[in-house]
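Order of the sequence lines sets the chain letters (A, B, ...), proteins ahead of strands, with each chain counted from 1.
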Protein chains: 2
Amino acid sequence: MRMSEGVEWAMHSCINLSWLDPDEAMTAARLAAFYELPPAYLNKQLQALARAGILSSTPGPRGGFRLARPLERITLLDVVTAIEGPGEAFRCEQVLRKGPVGREDVDYRKACFVSQAMRQAESAYRKELAAQTLADVRAKVERHIPDTPEVTRAWFARRRS
Amino acid sequence: MRMSEGVEWAMHSCINLSWLDPDEAMTAARLAAFYELPPAYLNKQLQALARAGILSSTPGPRGGFRLARPLERITLLDVVTAIEGPGEAFRCEQVLRKGPVGREDVDYRKACFVSQAMRQAESAYRKELAAQTLADVRAKVERHIPDTPEVTRAWFARRRS
DNA sequence: GGGGCCCTACTCGGATACCCGCTGTCCGAGTAACCCAGG
DNA sequence: CCTGGGTTACTCGGACAGCGGGTATCCGAGTAGGGCCCC
């Protein structure tokens with residue numbers, strides 16, 4: 001069970017976007033250069049965030065991505081769902097159906113107690129993700145490394161050329 | 001993010017084993033026939049359980065698998081770890097290191113606040129898995145469908161040939 | 001000088017290869033049971 | 001009849017293909033901006 005690398009990229013990208021001028025869009029290429037990531041692939045992840053309504057995208061010159069809503073209203077679960085999709089990790093394949101006690105008219109994805117137990121654990125996971133917003137994470141960064149926003153802004157300003 | 005199919009098989013197999021005579025081992029092939037699963041592949045999963053110390057295996061005629069300890073002492077986390085491995089789903093690739101504020105002497109798998117937030121959520125997930133034993137699941141099955149143990153035993157007895 | 005049109009360059013967006021890990025299969029090492037011959 | 005050895009068949013165990021999804025890339029559609037021509 002391995003989570004996509006894009007989740008990490010997406011979260012850092014959103015936090016970075018919150019530190020920049022909201023009046024101008026940020027290019028996927030420049031955002032990729034910031035962390036030395038493959039530009040086209042980061043673009044793909046940002047597209048997913050845009051489809052999910054977390055970012056808004058504008059094509060053409062002076063185009064790019066920007067936050068569609070403040071970081072206080074973006075949970076970690078929003079980002080994970082946008083990148084990984086809405087499907088759950090544990091997917092009951094209903095092996096009970098094929099067994100001697102199985103019945104065709106029962107949906108074992110809900111009836112099977114193994115499935116229920118796994119869903120309960122995964123529910124706790126999602127609840128924990130939903131309880132944390134990107135603003136919470138950003139606050140911790142600004143608290144422990146206060147010059148990060150300014151350094152980030154300066155880096156993008158110098159690379160404006 | 002998708003969990004291996006083998007986790008579901010492993011849990012049902014362990015519960016089934018608890019219903020059978022502990023004095024005789026159960027073949028992977030017969031266990032696979034019970035749910036119409038690929039015998040060799042189920043065998044592979046049971047091997048993983050044996051390596052983790054959840055099952056004990058004996059080769060040769062009259063061989064097979066049996067529970068190494070009672071279901072009360074097998075948590076869902078034990079099974080998941082045995083099949084999926086000990087690695088976490090979210091793996092911080094330390095993108096911060098490549099950024100302008102990154103430092104070579106910092107382990108961002110622990111220092112990065114994004115990573116910390118994700119680890120916190122995953123910790124809640126694992127905690128929930130560790131809180132449930134296979135005996136708890138078995139108890140719910142026996143409570144709601146009481147004849148399951150007997151039907152299971154009868155099926156394997158008839159298929160003893 | 002001002003306005004409108006065209007051209008250019010830039011960005012996202014989706015379509016297209018590549019690669020690793022899960023899925024599935026096969027054959028060999030090892031062993032317990034059985035059979036048979038000898039005492 | 002009892003015992004010991006050889007043979008057989010059965011099981012796990014790991015090594016070997018196949019395939020799907022994540023990873024990475026490229027090119028086209030669309031647009032904003034700038035330059036140029038005309039009024």
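Remark: B/E150 engages B/R153 in a salt bridge, criterion side-chain N to carboxylate O under 4.0 Å.
Here C/dT25 presents its P atom at 11 Å from CG of B/L37, a figure rounded to the nearest Å. To the nearest angstrom, P of D/dA24 lies 6 Å from OH of A/Y41. Between the P atom of C/dG24 and the CD atom of B/E36 lies a distance of 14 Å, rounded to the nearest Å. Look at CD on B/E24: it is 12 Å from P on C/dA33, rounded to the nearest Å. We find that CH2 of B/W9 is positioned 8 Å from P of C/dT23, with the value rounded to whole Å. Rounded to an integer number of Å, the gap from CZ of B/R2 to C1' of D/dC19 is 12 Å. The interatomic distance linking B/M3 (CE) with C/dT23 (P) rounds to 11 Å, in whole Å. The distance between atom CD of B/Q45 and atom C1' of D/dG14, rounded to the nearest whole Å, is 14 Å.
Qualifying side chain to side chain contact (heavy atoms under 4.5 Å, CB included) partners for A/A131, counting only residues two or more places apart in sequence or in other chains: none.
Near DNA chain C, meaning a heavy atom under 4.0 Å away, there are no residues from residues 79-90 of chain B.
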Atom pairs and distances, donor-acceptor, side-chain atoms in residues 58-67 of chain A, under 3.5 Å, two or more places apart:
residue, atom, partner, partner atom, Å
A/T58, OG1, A/G64, N, 3.4
A/R66, NH1, A/D23, O, 3.3

Side chains of residues 95-107 of chain A: which donor-acceptor partners sit under 3.5 Å, not counting sequence neighbours?
residue, atom, partner, partner atom, Å
A/R97, NH2, A/Q94, OE1, 3.1
A/R97, NH2, A/V106, O, 2.4
A/D107, OD1, A/R109, N, 3.1
A/D107, OD1, A/R109, NE, 3.1

Practice task
Between protein and nucleotides 3-19 of chain C, map the contacts as a letter string: B base, S sugar-phosphate only, - none, heavy atoms under 4.0 Å, written 5' to 3'.
Solution key: -------BBSBBB----

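Sorted by first and then second residue, the side chain to side chain donor-acceptor pair (under 3.5 Å) pairs with a member in residues 81-93 of chain B form an empty list; sequence neighbours excluded.
Donor-acceptor pairing under 3.5 Å is lacking for the side chains of B/S13 and B/N16. A donor and an acceptor atom, one from each side chain of A/D78 and A/T75, are located under 3.5 Å apart. Using modelled atom types and a 3.5 Å distance limit, the side chains of B/S18 and B/R138 yield a donor-acceptor pair.
Classification of the A/F113-B/H144 ring pair by plane angle, with boundaries at 30° and 60°, yields tilted.
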